[in-house]
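Basis for what follows: all heavy atoms, side chains included, without hydrogens, waters or symmetry-related copies. Numbered from 1 within each chain, the chains take letters A, B, ... in sequence-line order.
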Protein chains: 2
Amino acid sequence: MLSKKTKYGLKALTYLAKKEDRNPVPIGEIAQQNNISQKFLESILLLLRRTGVLASKKGKGGGYYLIKEPSEILMTDVIRVLEGPIAMVPCVSLNFYEKCDDCPDEGTCSVHKLMLKVRDSALEIYRNTTLSNLI
Amino acid sequence: MLSKKTKYGLKALTYLAKKEDRNPVPIGEIAQQNNISQKFLESILLLLRRTGVLASKKGKGGGYYLIKEPSEILMTDVIRVLEGPIAMVPCVSLNFYEKCDDCPDEGTCSVHKLMLKVRDSALEIYRNTTLSNLI
DNA sequence: ATAAATCCTATCGTTTTAGTAGATTAATAA
DNA sequence: TTATTAATCTACTAAAACGATAGGATTTAT
């Protein structure tokens, strides 16, 4: 299941991308327009800022805004920040690889085999989808 | 993330599929050979039996065994039983559809759009993969 | 100064996950 | 019939993750 964090994060990014200008948009507006708990969204936008997807401006007239063109914002990056690994098992993860402690040999593991396919197909989509494709 | 339940279930099924005969295999053997907690595996195999993927025989000489050919056992069925919906959001699920309460219109929802693609690609794989493909 | 906004830390209730324990039932072999 | 083997059923539990919420500190524009 996709976490609400990812869901809300994607909605917020899309909301910002839809705006004509790139002026700062306050959290309150984003939260209201998308039916998201403001406090929860705060932490999500903060995370997106810390990882370089968004920038923010403090104080009156402040808010969050995109620093890159929507067509430059890849889903691979967004999903990895919000949801974590794209792979469903660590042993097939590119960025978060970990060996399974119960599995003696990845080469013959059925789960590994299947999840590798699933990861590849998801990756294919995320790599070829930008924020602008979602508007 | 794939649950251990699904992972263990898949491993157990593969283990059974690899055997030449279709004689009942006791839980203990499956658990040991695959480094799975026996008690946990019990509940998983029980679930697979109740949903018609496996059959069982009680008492001495008993155990679990496949009732269908591995090539007849589709990943769509196995995954749905063990992991639940293939879709990452209920609003794009074929078998477990639910409307999002926060979303006014699926047609314009960016999350919906993206997750539909992801579901389709996963479905494509699961539909075209059987247990025999994992051996 | 004041209002508006982000930033930061901590906490919290609920649900899910991954198991464990123990008793019961059924089949088989002796 | 009795002992053994193995599935079945019910109940419980510890830990982690999830989805928030609370409250204050800090920054900026007017």
Side-chain angles (χ1 to χ4, degrees), chain A residues 1-12 16 23-67 82-85 88-90 96 100-102 111, chain B residues 1-12 16 23-51 53-67 81-85 88-90 96 100-102 111:
Chain A
M1 276 292 150
L2 200 75
S3 66
K4 301 251 175 181
K5 189 164 121 185
T6 304
K7 187 182 181 186
Y8 295 161
L10 275 172
K11 285 197 170 193
L16 292 177
N23 295 330
V25 182
I27 300 179
E29 179 188 331
I30 309 177
Q32 273 192 353
Q33 296 297 314
N34 293 280
N35 302 305
I36 304 171
S37 142
Q38 171 157 354
K39 273 295 191 180
F40 190 25
L41 185 59
E42 264 186 45
S43 63
I44 299 169
L45 295 184
L46 202 53
L47 173 63
L48 288 171
R49 197 218 56 185
R50 286 193 180 130
T51 51
V53 181
L54 283 177
S56 64
K57 187 161 176 276
K58 280 183 163 185
K60 197 167 189 176
Y64 283 90
Y65 56 96
L66 296 175
I67 19 174
L82 294 171
E83 191 74 8
M88 293 183 77
V89 268
F96 303 83
C100 298
D101 43 355
D102 62 300
V111 177
Chain B
M1 277 292 151
L2 200 75
S3 65
K4 300 253 174 179
K5 187 165 122 185
T6 304
K7 188 181 180 187
Y8 294 162
L10 276 172
K11 285 197 169 193
L16 291 177
N23 295 330
V25 181
I27 300 179
E29 179 187 331
I30 308 177
Q32 273 192 354
Q33 295 297 315
N34 292 280
N35 301 307
I36 305 171
S37 143
Q38 171 158 353
K39 273 297 192 178
F40 189 25
L41 185 59
E42 267 185 41
S43 64
I44 298 169
L45 296 183
L46 201 53
L47 173 64
L48 289 171
R49 198 218 56 184
R50 286 194 180 128
T51 51
V53 181
L54 283 179
S56 64
K57 188 161 175 274
K58 278 184 166 184
K60 195 164 190 179
Y64 283 91
Y65 56 95
L66 297 174
I67 18 175
V81 163
L82 293 171
E83 191 74 7
M88 293 183 77
V89 268
F96 303 83
C100 298
D101 42 355
D102 62 300
V111 178

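Counting to the nearest Å, the C1' atom of dA20(D) and the CD1 atom of Ile44(A) are 10 Å from each other. Here the P atom of nucleotide dT20(C) and the CG atom of Leu41(B) are 12 Å apart, to the nearest Å. Whole-Å rounding puts the Met1(A) CE to dT14(C) P distance at 22 Å.
For the ring-ring contact (aromatic ring centres under 6.0 Å, His included) test, no residue two or more places apart in sequence or in another chain qualifies with Phe96(B). Partners of Tyr64(A) by ring-ring contact (aromatic ring centres under 6.0 Å, His included), not counting sequence neighbours: none found. Lys39(A) is linked by a salt bridge (charged side-chain N to carboxylate O under 4.0 Å, His left out) to Glu42(A), counting only residues two or more places apart in sequence or in another chain.
Side-chain contact between Ser37(B) and Lys4(B) is absent, with no heavy-atom pair separated by less than 4.5 Å.
The side chain of Ser37(B) places an N or O atom within less than 4.0 Å of a non-bridging phosphate oxygen (OP1 or OP2) of dT20(C). Under 4.0 angstrom from either OP1 or OP2 of dA20(D) there lies at least one side-chain N or O belonging to Tyr8(A).
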Protein-nucleic acid N or O pairs under 3.5 Å, nucleotides 14-18 of chain D:
none

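Atom CD in Glu83(B) sits 11.0 Å away from atom CE in Met1(B) (nearest 0.5 Å). To the nearest 0.5 Å, atoms OH (Tyr65(B)) and CG (Asn23(B)) are separated by 10.5 Å.
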With a cut-off of 3.5 Å and sequence neighbours excluded, list every side-chain donor-acceptor pair involving residues 44-58 of chain A.
residue, atom, partner, partner atom, Å
Thr51(A), OG1, Leu47(A), O, 2.8
Thr51(A), OG1, Leu48(A), O, 3.3

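Closest of all the heavy-atom pairs between Asn35(A) and Asp102(B) is ND2-O, 2.9 Å.
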Query raised in the report: What string of B, S and - do you get for nucleotides 5-11 of chain D, 5' to 3', if B is base contact, S is sugar-phosphate-only contact and - is no contact with any protein heavy atom under 4.0 Å?
Result: BSSBB--

